[in-house]
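Per chain, numbering begins at 1; letters A, B, ... match sequence-line order. All heavy atoms count here, side chains included; hydrogens, waters and symmetry mates do not.
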Amino acid sequence: MSEKILLVDGHSIINRAFYGVTDLTNSEGLHTNAIYGFLNTLFKVLEEEKPDYLTVAFDVKAPTFRHQMYDAYKGTRKPMPAELHEQVPVLKDVLHAMGIETMEKAGLEADDLLGTVARRSEARGMEVTVLSGDRDLLQLATEHIRIRLPKTKGGVTETENYNTQDVIDKYQVAPLQIIELKALMGDSADNIPGVPGIGEKTATNLIVQYGNIENAYAHVEEIKPNRAKNALQEHYDMAVMSKALATINTDCDYDYDWDKAKLGNIYTEAAYALIKRLEFKNMLSRFRVDAPANEKIEKIFQMVEDFGEADQVLTKAAAVPRLAFAVHQEEGQVLALSLTLSEKETYVIPVEGFVTADWLLGRLGEAFAHVPEITTLKLKEALKCLSAHGVTIEKERQGAFLDAEIAAYLLNPLKDSYTCEELAKEYVSLTIPSRVELFGKDKLTKALEEKAEAFRIYGGYASYILYQSMPTLLAELHETGMEDLYREMELPLVFTLFGMEQEGIRVDAQALKTYGEELAVRIGELETKIYEEAGETFNINSPKQLGVILFDKMGLKGGKKTKTGYSTSAEVLEKLAPECPLVADILEYRQLAKLKSTYADGLAAYIEPDGRIHTTFQQTITATGRLSSVEPNLQNIPIRMELGRQIRKVFIPREGCVLVDADYSQIELRVLAHMSGDANLIHAYRGAQDIHRLTASQVFHIPFDEVTDLQRRNAKAVNFGIVYGISSFGLSQDLSISRKEAQEYIQKYFETYPKIKEFLDSCVEEAKEKGYARTMFGRRRPMPELKSSNFMQRSFGERVAMNAPIQGTAADIIKIAMNRVDRRLKAEGLKSRLLLQVHDELLIEAYTEELDKVEQILSEEMQGAAELAVPLEIDMKQGKNWYEAH
DNA sequence: GGCATCACG
DNA sequence: ACGTACGTGATGCCT
């Protein structure tokens, strides 16, 4: 096979990158976006082409032969913006550090160098690829010279590839005739004058017919559109000169040395250092310096494609003291299984032939019966996959499972994701190749089929890293006092949540549809009315357009509140013009539009064939330890406004069941009372019916029965404020009072409950000293903000330090309750099941005959989840839908 | 993909 | 003086 050479038009690619990549700056203040884009494009093409030789050509700032030929050519090069100009020498440094040859010569443009080397390489029998952003280069295309033009389409960079025929297909002319076209059409970017009045169409017609400009001129009398004929006659000299300007010189006087261009290992240590300084973090792994360590590890990863061998591996798996596994799936299909049985045994077993998904997971399930410690990532997802293939985990075996993601989350709950790659770096001190690096943007299925070797590496690390990181994760959990939290609360919760998600909640699709249709009618009416009142139609959903109507056209006085313009939030609009019918209609429209899009239409799309909605509870998202619910979010179903609340009527129990809803009464305040140990508050909450009223009576020194509604409302706001990490500003905002008044409320509150203040202060103090806040059950929230010199950030940190222990402890308590409720329902042989958790609320689908037992279990386990100095009270109701039950 | 808005605890 | 309440997720607009 002939050798391949890749020639890169440095100037055009870096320009393209500069304008295509969002501005980036490293911490030294150097702009880096163009370099980043250039390297990304280069890597992509290198991976596709795998050339033997590589050279990048640059322009030199010096007059070329074109300047001598044509005066106006001077100064034609658009001056580079300074932000781009400064990046060019740095890019060259990076390329040189990678051992990549660059070429430039005074008096020559990059095009000419590329053309010259391309032709010479072709003459030596090489396959040539020229990478450029400039279509002029198409004139170089031949059977053996391919021009690649990068093109960004919807964020994905693809390249258009041109050999001779591709040029003809697209432009109807041969590659060399591209010059003729350009000479006729001109090119303002390159200041090639062309022939005025001749555009792409005419130029193409002329060249297709006459072959070149000279011949067209020879037949100028025949030329059909008079406009073209006159133009060519008048500007023929110009066209000839333009042709010379547009012609790439393929025979430059340049001493090119192929040996120097020979491509070696570009991922050098020197390049690593530069990439690190440029802060291209996702590129860094390509340049990893611990490549030797990686290679040693990767060598042991074994691809197992033979059925017998796979069988042996899985038999062996059943006998090890611990293992790690990863199921690779895509679009519901199991593609492969990764298994690490010891430091030296890692297997990647693709699903193929006799090795079916059912067989593979079935055999894995058999092994699970015997292995004392089983590690994976995203255990809940694995359970789902196993269950879909008929594998269930016995209750007694659940304790054997570890989830590395959850362990990493407990150690640092602030991260966005917990990937194998990050675990490798943090807990194994190893930089592993990223998925993008191995497969590019390919799907897993495609990668397995076409890049088996890369898949072996990817799959191998997937379980190897879990195996290697777990001991460290456990050790750190132990050291930080979170091992119990992990083993006794979070891991069992995985199984509880798995059950809830599998169960799903029944939804009356017809009722939901009707609800949506009713909304649509009213929305339509409001729309018409709003357009009438505004005197024109506009997009009511666009805050920008709405702002123009309200503040510019109608002249309502609204302060500019957001970064982008006027704020049109409900808060602003309500204050703005409570009397204005337009504003009132917009508010109602907004409310209905929200209900329709997010809830009526939104939820309908999630009803599965079983007639139920199966949300996903995320266990590793929040900073405080709460759960979150996605696809769809069932933790924010409307309740505060009656119309929205109606939607809860579509959540119904299955036949023979009712919904039972139990929610903790003011759990966070009770947690606060307990954690602070404030005798007054504890005493108050022990017997109180109405906590906010009692707070008001104590804070304002009024008999309980004489507390006014306003006083109660104020006390309630203070109670909330305390939980959020009180600030006089926040409270004043909430109550629409002055800051001073707010400050007085807070002061009085703290006088009444002195230990609360002590406790909150101690939370901040401890967080400052240790760098993290802690819940009653040892859950940590790191708080880097507290060290900030920025007042805003530090204040935020202080509020978080007060809130996290309270919100987090409440989250811990309900997690305990969930596990206990789940366990008891099963232990007592009941069919009723937990369906949802909404932070302080649990929803159960209870068989009517089990109702009494279910209520007893809920009440005992929720109230008994923690021993606090105050009772943990719940409100419990049942109903034929969620509306009634809550 | 960021921003504004709004739904919940 | 600084300029905010704590924690989430979904939708629609717009660059």
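- The CD atom of A:Q545 sits 14 Å away from the C1' atom of B:dA4 (whole-angstrom rounding).
- Atom CD of A:Q591 is separated from atom P of B:dC8 by 9 Å (rounded to the nearest Å).
- In this model, the phosphate group of B:dT5 is approached by a side-chain N or O of A:S567 to a distance below 4.0 Å at OP1 or OP2.
- The 5' end of DNA chain C is approached more closely, in terms of each residue's nearest nucleotide, by A:S795 than by the other of A:V800 and A:S795.
- Geometrically, A:K757 engages A:F750 in a cation-pi contact, judged by NZ or CZ lying under 6.0 Å from the ring centre and within 45° of the ring axis.
- The side chain of A:R626 lies closest to B:dG9, out of C:dT8, B:dG9, C:dT4.
- C:dA1 makes up no base pair with any nucleotide shown, lacking Watson-Crick or G-U wobble contacts both under 3.5 Å.
- Residue A:Q733 is out of contact with every strand shown, counting any heavy-atom pair closer than 4.0 Å.
- The side chain of A:V630 lies closest to C:dG9 when the candidates are C:dG9, C:dA5, B:dC8.
- Regarding contacts with the backbone of C:dG12, every side-chain N or O of A:K544 stays at 4.0 angstrom or more from both OP1 and OP2.
- Within 4.0 Å (heavy atoms only), A:F720 reaches no atom of the nucleic acid at all.
- Counting to the nearest Å, the C1' atom of B:dC8 and the CD atom of A:E668 are 13 Å from each other.
- Spacing between B:dT5 and C:dC2 at atom C1', rounded to whole Å, works out to 27 Å.
- An OP1 or OP2 oxygen of B:dA7 is reached within less than 4.0 angstrom by no side-chain nitrogen or oxygen of A:R640.
- Between A:Q837 atom CD and C:dT8 atom C1' there is a gap of 12 Å when expressed in whole angstrom units.
- When heavy atoms are screened at a 4.0 angstrom cut-off, A:I639 is found touching the sugar-phosphate backbone but no base atom.
- Listed nucleotides C:dG3, C:dC6, B:dC8 differ in distance to A:F791; the shortest reach to its side chain belongs to C:dG3.
- Backbone-only engagement by A:V838 is indicated by non-hydrogen atom pairs under 4.0 Å involving sugar-phosphate atoms exclusively.
- Nearest to the side-chain atoms of A:S569 among the listed nucleotides B:dC6, C:dA5, C:dG3 stands B:dC6.
- Following rounding to the nearest Å, A:L760 (CG) and C:dC6 (P) show an atom-to-atom distance of 14 Å.
- Residue ring and base: A:F729 counts as stacked with C:dT4 (centre distance below 5.5 Å, interplanar angle below 30°).
- Between the side chain of A:Q635 and the base of B:dC8, no donor-acceptor pair under 3.5 Å is found.
- Counting non-hydrogen atoms under 4.0 angstrom, A:G725 reaches nothing in the nucleic acid.
- Distances from the side chain of A:N636 to the nucleotides B:dG9, C:dG9, C:dT15 place C:dG9 closest.
- Comparing C:dT11, C:dC13, B:dA7 by their closest approach to the side chain of A:Y599 singles out B:dA7.
- Annotation for A:K513: atom NZ does not count as buried by contact number, only 12 or fewer foreign heavy atoms lying within 6.0 Å.
- You'll find that the side chain of A:Q618 is closest to C:dG9, out of C:dG9, C:dC2, C:dT4.
- A distance of about 13 Å separates the P atoms of B:dA4 and C:dA5, rounded to the whole Å.
- Taking atom NZ of A:K594 as the reference point, atom P of B:dA4 lies 15 Å away to the nearest angstrom.
- Residue A:E631 is classed as a sugar-phosphate contact, given heavy-atom separations below 4.0 Å to backbone atoms only.
- Here the side chain of A:T624 pairs no donor or acceptor atom with the backbone of A:Q807 at under 3.5 angstrom.
- Nucleic acid contact class of A:L731 (heavy atoms, under 4.0 Å, all strands): base.
- Within 4.0 Å (heavy atoms only), A:R590 reaches sugar-phosphate atoms of the nucleic acid but no base atom.
- When each of C:dG7, B:dC6, C:dG9 is scored by its nearest atom to the side-chain atoms of A:A570, the top-ranked nucleotide is B:dC6.
- Within the 4.0 Å cut-off from OP1 or OP2 of C:dC14, at least one side-chain nitrogen or oxygen of A:S542 is found.
- One atom, CZ of A:R739, and another, P of C:dA5, lie 13 Å apart when rounded to the nearest Å.
- When heavy atoms are screened at a 4.0 angstrom cut-off, A:D734 is found touching base atoms of the nucleic acid.
- The side chain of A:S597 lies closest to C:dT11 when the candidates are C:dT11, B:dC8, C:dT8.
- Among the atoms of the strands shown, none is found under 4.0 Å from any heavy atom of A:D663.
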Might you work through the salt bridge (charged side-chain N to carboxylate O under 4.0 Å, His left out) test for A:D585 and A:K529, ending with a clear yes or no?
CA-CA 8 Å; A:D585 288 337; A:K529 195 152 167 257; 2.9 Å; yes
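- A cation-pi arrangement is not found for A:R739 relative to A:F729, the charged atom failing to lie both closer than 6.0 Å to the ring centre and inside a 45° cone about the ring normal.
- The residue A:A593 sits apart from the nucleic acid: no heavy atom pair falls under 4.0 Å.
- Salt bridge A:D812/A:R779: present, at least one basic N to carboxylate O contact under 4.0 Å.
- Look at A:T624 and you won't find any side-chain N or O under 4.0 angstrom from OP1 or OP2 of C:dG7.
- Nucleic acid contact class of A:A801 (heavy atoms, under 4.0 Å, all strands): none.
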Please test A:Y745 against A:Y749 for ring pair (Phe, Tyr, Trp, His ring centres under 6.0 Å), starting from the C-alpha separation and ending with a verdict.
CA-CA 6 Å; A:Y745 285 170; A:Y749 184 94; over 10 Å; no
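- Rounding to whole angstrom units, CD1 of residue A:I667 and C1' of C:dG7 are separated by 15 Å.
- Note on A:S628: a side-chain N or O is less than 4.0 Å away from OP1 or OP2 of C:dG9.
- Other residues, nucleotides and ligands contribute at most 12 non-hydrogen atoms within 6.0 Å of the CZ atom of A:F720.
- One finds no side-chain N or O of A:T562 lying less than 4.0 angstrom from the OP1 or OP2 phosphate oxygen of B:dC3.
- For the P atoms, the distance linking C:dG3 with B:dC6 amounts to 24 Å, nearest Å.
- The NE2 atom of A:H886 lies 8.5 Å from the CH2 atom of A:W882; values are rounded to the nearest 0.5 Å.
- Here B:dT5 is the nucleotide among C:dT11, C:dA5, B:dT5 with the atom lying nearest to any side-chain atom of A:P543.
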